[in-house]
Amino acid sequence: LSATSFDTKKKYDEAEVEKLAVRLAPIAERIEKASISICRDMRGPQANCTYKVILDPKEVGLNAHADGQNVVINPGMVDFATNDTHLAFVIAHEFAHNIMAHIAAQQRNVGIGAVIGTLGDALAQSQGIKTEGALGKLGANQALLRYSPSFETEADYVGLYILARAGYPIEQAPDFWRVMSLTSPDSIYVTSTHPNNPSRTITME
């Protein structure tokens, strides 16, 4: 199955998910151990650095995300990343988000943006202008867009350190974004909450 013909909307049955879980387990274990090691080097031996990889059978599409505690990966991403180094990098990238506390930082940034925007709403209303909360929403969105790309770049960077400590060849990792581009060509040059794929590839290299 080539990247260009991969079904990003496929739903996996129980047997398929179990097969993917068997493949994922040893890769996840290696990355988990490396992530704990790097996390404690960076944050101290007493830091809470125990993050786990969770395969969510209900999720559809090519995605994985960090929630500040664990890394959740979709079956489709495990199936898509046939190169073990690529799959390991996806996991390492998400662990990096947790280690660097990006989720908490982003929530703070969005909250601050929303407060600033809400103050703008109040000022506008005092002048007889009805914004219906639009400035508050705009402030939150702008904060998200401003900081998210930098967090993604940092997670790529720290993810390479995790990958190396886990014993994977990091020179293979940047190619993951080229493979992703074959599957989703419309998103190659779109930059919103994430840097575009070419810039990520070049930066990682």
Does some side-chain heavy atom of [Y] sit less than 4.5 Å from a side-chain heavy atom of [X]?
X: Ile54; Y: Val71; value: no
X: Asn196; Y: Arg200; value: no
X: Phe80; Y: His86; value: no
X: Asn83; Y: Phe176; value: no
X: Cys49; Y: Ile99; value: no

Among Ile38, Leu160, Ile31, which one satisfies side chain to side chain contact (heavy atoms under 4.5 Å, CB included) with Arg165? Ile38
Under 4.0 Å between a Lys/Arg side-chain N and an Asp/Glu carboxylate O for Arg23 and Glu16?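 Salt bridge absent between Arg23 and Glu16.
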Can you tell whether the side chains of Asp13 and Lys19 come within less than 4.0 Å, N to carboxylate O? no
Mind checking whether Ile162 and Tyr157 sit in one hydrophobic cluster, side chains of I, L, V, M, F, W, Y counted as touching below 4.5 Å?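 Linked, Ile162 and Tyr157 end up in one cluster.
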Cluster link Val90 to Val72, ILVMFWY, side chain under 4.5 Å: no
For Lys11, does the NZ atom sit with more than 12 other heavy atoms under 6.0 Å from it, leaving out its own atoms? no
More than 12 heavy atoms of other residues, nucleotides or ligands under 6.0 Å from CD of Gln46: yes or no? no
Distance from [X] atom [atom1] to [Y] atom [atom2], nearest 0.5 Å?
X: Tyr12; Y: Asp79; atom1: OH; atom2: CG; answer: 3.5 Å
X: Trp177; Y: Thr201; atom1: CH2; atom2: OG1; answer: 8.5 Å
X: Cys39; Y: Asn48; atom1: SG; atom2: CG; answer: 7.5 Å
X: Gln172; Y: Tyr168; atom1: CD; atom2: OH; answer: 11.0 Å

Parallel under 30°, tilted from 30 to 60°, perpendicular over 60°: which one fits the rings of Phe95 and Tyr51? tilted
Looking at every heavy atom in both [X] and [Y], which two are closest together, and how far apart are they?
X: Ala96; Y: Gly159; value: CB-N, 3.9 Å
X: Ala166; Y: Arg30; value: O-NH2, 2.8 Å
X: Ile91; Y: Ala28; value: CD1-CA, 4.2 Å

Between Ser37 (side chain) and Lys33 (backbone), is there a donor-acceptor pair under 3.5 Å? no
Whether Asp56 side chain and Asn74 backbone form a donor-acceptor pair below 3.5 Å: no
Are Glu154 and His97 close enough that a side-chain donor and a side-chain acceptor fall under 3.5 Å? no
